Amino acid sequence: MIPASFDYHAPGTLPEALALLSKYGDDAKVLSGGQSLLPLLKLRLGQTGHLIDIGRIPGLEYIREEGDFLRIGGRTRESALESSDLVRTRYPILHDTAKVIADPLVRNMATVGGNLAHGDPGNDHPATMLALGAQVVATGPKGERVIPIEQFFLGLFRTALRPDEVLTEIQIPVPPARSGGAYLKLERKVGDYATAAAAAQVTLGSGGTVERAGLALTNVGPTPIKAADAEKFLAGKRPDAATLGEAGQRAAKAASPSADRRGSVEYKREMARVLATRALRLAVERAGGR
Amino acid sequence: MQPRTTPEVGGMGHSMKRKEDPRFIRGKGNYVDDIVLPGMLWMDIVRSPFAHAKIKSINTEKALKVPGVLAVITGETLAKYNLHWMPTLMSDTQMVLPTEKVMYQAQEVAAVIATSRYAAADGVDAVEVDYEPLPVVVDPFKALEPNAPVLRTDKKDKKDNRIFHWEAGDRAGTEKAFAEAEVTVKQDLYIPRIHVASIETCGCIADFDRVNGKLTVYMTTQAPHAIRTVFALVAGHVGLSEERIRIVSPDIGGGFGGKVPVYPGYVIAVAASVVIGKPVKWIEDRMENLQADSFARDYHITAELAAKKDGTITALRMKTLADHGYTDAAANPSKFPAGLFSICTGSYDVKKAFVEVDGVYTNKPPGGIAYRCSFRVTEAVHAIERVTDVLAQQLKMDPAELRMKNFIPKEKFPYKSALGWEYDSGDYPAALRLAMDKIGYHALRKEQAEKRARGELMGIGISSFTEILGAGPSKQFDILGIKMFDSCELRIHPTGKAIARFGTKSQGQGHETTYAQIIAEELGIPASAVQVEEGDTDTAPYGLGTYASRSTPVAGAAGALAARKIREKAKKIAAHLLEASEEDLVWETGKFSVKGAPSRSKTIQEIAFAAYTNHPPGMEAGLEAVNYYDPPNLTFPFGSYICVVDIDRGTGMVKIRRFVAVDDCGNIINPMIVDGQIHGGLTMGMAPALLEEISYDENGNIQGGSFMDYLLPTAVESPSWETYKTVTPSPHHPLGAKGVGESATVGAPPAIANAVVDALAHLGVKHVDIPITPEKVWRILKEKGVAE
Ligand SMILES: Cc1cc2nc3c(=O)[nH]c(=O)nc-3n(C[C@H](O)[C@H](O)[C@H](O)COP(=O)(O)OP(=O)(O)OC[C@H]3O[C@@H](n4cnc5c(N)ncnc54)[C@H](O)[C@@H]3O)c2cc1C
């Protein structure tokens, strides 16, 4: 567990970082919390000539509601999310998620931006962001662009970010009244990646029917999975047990897990169903629908 | 037990804070990897990606060009000195580096010596090895089939893959008892391969001084003296002589049996240092540790009980296949190839018993080390405690009642077991009764019935184990011929303080505290003024080391007896000082006084001073003693554990709701340390029950060779352990103590497994193999049609 050699850069400003990224191109990697990248380097599963540490760039760590969005700085740590009152009271799904990522040591280092940028279907935030309908701000040499989260995850460890871009902000639409969300994760032990997990974000209409449902799954496919069919199915329905159960079924159909030490394909698919149903139930409860 | 000493003296029974902790807590421990010697080089190891393959060639050219790389050592290099093979502690043989073929994945193939740790790793990457894969034998049952490839082609006459056949007990009598039985049950169980996964990995610094011809090895070993002798025996022909070998075990971050064997890395580092003449450091990384160091368990057991209809057990039979990997590198006493597995009649008065074990070679790393299990006791206890529940289920009897009915009664001790052990003392019903009271057994059974009616799954599991430890009496116990005594050398300084050195080696057990408390108990010298040292073969007396819970039973006894020798001499000095006759002196903690005249007394401190300043004419000056303790028997701690689990019908997740542990380890030296041992042991016992397993695919690829998949439990997975004690002293141990280091690891797994099976019993489930993963449980729920 000794990495091959590389050069380390610690730019003090975003433009400097972007210049370095442009200069070294494919031979450079952004280093954020390092909790995914460094293990890869140490196991020599990955190698890079240059690490561009964005940790000294001021102004990338924040959590605030502004305009129609909750804005999370790209380098905001998981531990900050976990201890934020704003997140806990207004975005319980994010609080749920941050709490079950790795362990406190990792959460002190790991960042929300890195969690998305890594493109790992085992990471927990992608599903949450899909359920919330978030968007990602990428800053490159030519300035900023906004990427809707549904277009962000392209494949295993592949995202819409270009090698010369830094993920600078995550924008989550401020949920309307009567909204609730939940993230439920099945893990073998604390710190484990999910055997399966489900993120649900629900907004109820005045009549108690579902106005909008966001539902997504973690680690049951090569990318995080948006359960679009289940979301559509739920819209306009009364969220009773049978309906939520059916939505869970539909979500599980969207999963395409592969077998590993965490479980067989069959088990993971079933867990996607069980967790999606339970997460929806909790989200509805939190939205005030019992 | 009320302590006999004041807290200031801190003898037995005081929960004295651990003397070693200030340095550990402040990060001032001194582990092998903390040691840096001038001119030191680093070693890293090239490992095989194949489980069985011929080595066609090793090309070191590119590696030698990597900046900082000085040398690449291969089997051919070592063969020149006849050091490419070495004996195991079981008198089998094992490769240091291969010359012909590799026999398990992650086996050492070559070693790179470099000026930095990083250069060494780069060098490893650059070594090119050409392999030709050979057929792989993973399944130990298949290994014994007639057409299986013979793995140990290095052994000229070896025609199969059997290592040993071992048996104990009365085969014919047991068969008869089974034939005549009213009820019999039979259960196959697998105790999976697991790894000790100590937080500190293995490593060493070998430092050969060319001028003096002296070899010093700083090394993560639980048995420094035995290692020194092994080195002298193995490398005598290249000029290493025992008086010029010094093994130093510094602070050790967990051993659990995994730091008893001699691993190839140690030997290569020594060879490298001898050849190069500079210190060479080798420290395994986590994955090397998990994938290549010796494993534990891996027993395939068929357990059977015969009984009367009323539940009286009449006979026991166990047949076992032991997967040892490619060599028998266990660290059992020589005469016990299956360790103390014949404790498998457990806590029950079984009249007839027969047990047999066959050891088998496979293409896996060496297995069979005693991972916190006192030599195969975990396997034995799991089998008996599981099959006892199978019998209870068959008889529709409450498992507590069945146990009570069959316990060896208190008045039968010392008790001779059907498999030949003499249990020293015990009160088994008392321990189980206390556990039942503390957990509220009958109320839980009622709750369970109500929950079942509602479709909820909850189970209660019992394990009433008997441990066997303290190896051991010299007539039966040796390792490579060296008898399993242990030792203490105790010296009292003129000002009445002491230094005590032992042949054992703490790896976290707290010897510096408990040994000091033993001396304090015997001499009245405050434990805080007794310095305990272990682990340096140049200074400590010879001993066999720390494993199998033997330190208190054997070395602790040596400490007490050395102190008593000192008391004898102190009495003579006191008589001289008090101008009284020895017969007129009485000892009470810390001083001798004249019978009937208590004011005429001399404290141990005054006596110690006199031993150097005013000793009686004709007596040698000084106050020191040595004891080599040869235990008359083993000790047999025991306990009863009860576990309550709830099962999630959606996910199959098992949650331990409560766990009550009643332990009896005889007289207790430091209650806090004993509790610490039990807490840790319970967590380590929960691990294989629910989480840990090392398995291999059909090509011998390790599954779960990192902490990503080898699931070490944390505080989050652990319930709040509830611990209680009963005290039944050992009649033959000088302190009445029995040892406790492994009771909980041994006793916990079946309590948990029994609880899970109990939760599912009404669905017709009789057994689930450990580790009981959520998916395993979910499959059962699905098959039985009760999954959410
Ligand atoms: C023991 C352990 C357990 C873990 N368990 C979990 C878990 O249960 N759930 C979970 O979700 N995660 C888990 N993780 C992963 C952890 O949360 C990661 O740290 C996180 O996914 C990545 O964040 P980071 O800040 O550490 O990114 P880094 O490791 O620094 O980077 C990861 C990747 O993203 C790129 N990158 C990072 N930030 C940016 C940016 N701002 N712009 C552009 N590219 C960027 C990097 O170049 C790199 O390719 C675990 C990690 C460890 C070590």
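Chain identifiers are assigned alphabetically (A, B, ...) following the order of the sequence lines, protein sequences preceding nucleic acid strands; residue numbering begins at 1 within each chain. Owing to the predicted nature of the structure, the values given are computational and were not obtained by experimental measurement.
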Residue A/Met1 versus chain B: region with a heavy atom under 4.5 Å: both
Closest approach of B/Pro774 to A/Tyr267 (non-hydrogen atoms, all atoms of both residues): CB-OH, 3.2 Å
Shortest non-hydrogen contact from A/Asp192 toward B/Met708: OD1-O, 4.2 Å
Closest contact, heavy atoms only, A/Arg278 versus B/Glu788: NH2-OE1, 2.7 Å
Segment of B/Arg779 engaging chain A (4.5 angstrom heavy-atom cut-off): side chain
Criterion side-chain contact (heavy atoms from CB on, under 4.5 Å) on A/Leu43 and B/Met287, from CA distance to verdict: CA-CA 10 Å; A/Leu43 294 169; B/Met287 284 167 78; 3.4 Å; yes
From A/Glu270 atom CD to B/Thr651 atom OG1, the distance as rounded to the nearest 0.5 Å: 12.0 Å
Nearest-0.5 Å distance that lies between atom CD in B/Glu775 and atom NZ in A/Lys268: 9.0 Å
Structural part of B/Thr714 lying under 4.5 Å from a heavy atom of chain A: side chain
Value rounded to 0.5 Å, distance of CH2 in B/Trp778 from CG in A/Leu186: 12.0 Å
Basic-acidic side-chain contact under 4.0 Å: B/Lys782, A/Glu266: yes
Separation of A/Lys189 NZ from B/Leu711 CG (nearest 0.5 Å): 6.0 Å
When B/Val124, B/Asp285, B/Leu691 are compared by non-hydrogen pairs under 4.5 Å with chain A, the top option: B/Asp285
Non-hydrogen atoms of A/Arg261 and B/Ser695 that approach each other most closely: NH1-OG, 3.1 Å
Heavy-atom pair with the smallest gap, counting every atom of B/Gly650 and A/Val274: O-CG2, 3.9 Å
Contacting moiety of B/Asp44, where chain A heavy atoms sit under 4.5 Å: neither
Proximal component of B/Leu712, with respect to chain A [non-hydrogen, under 4.5 Å]: both
A/Ser264, part contacting chain B, at a heavy-atom distance under 4.5 Å: both
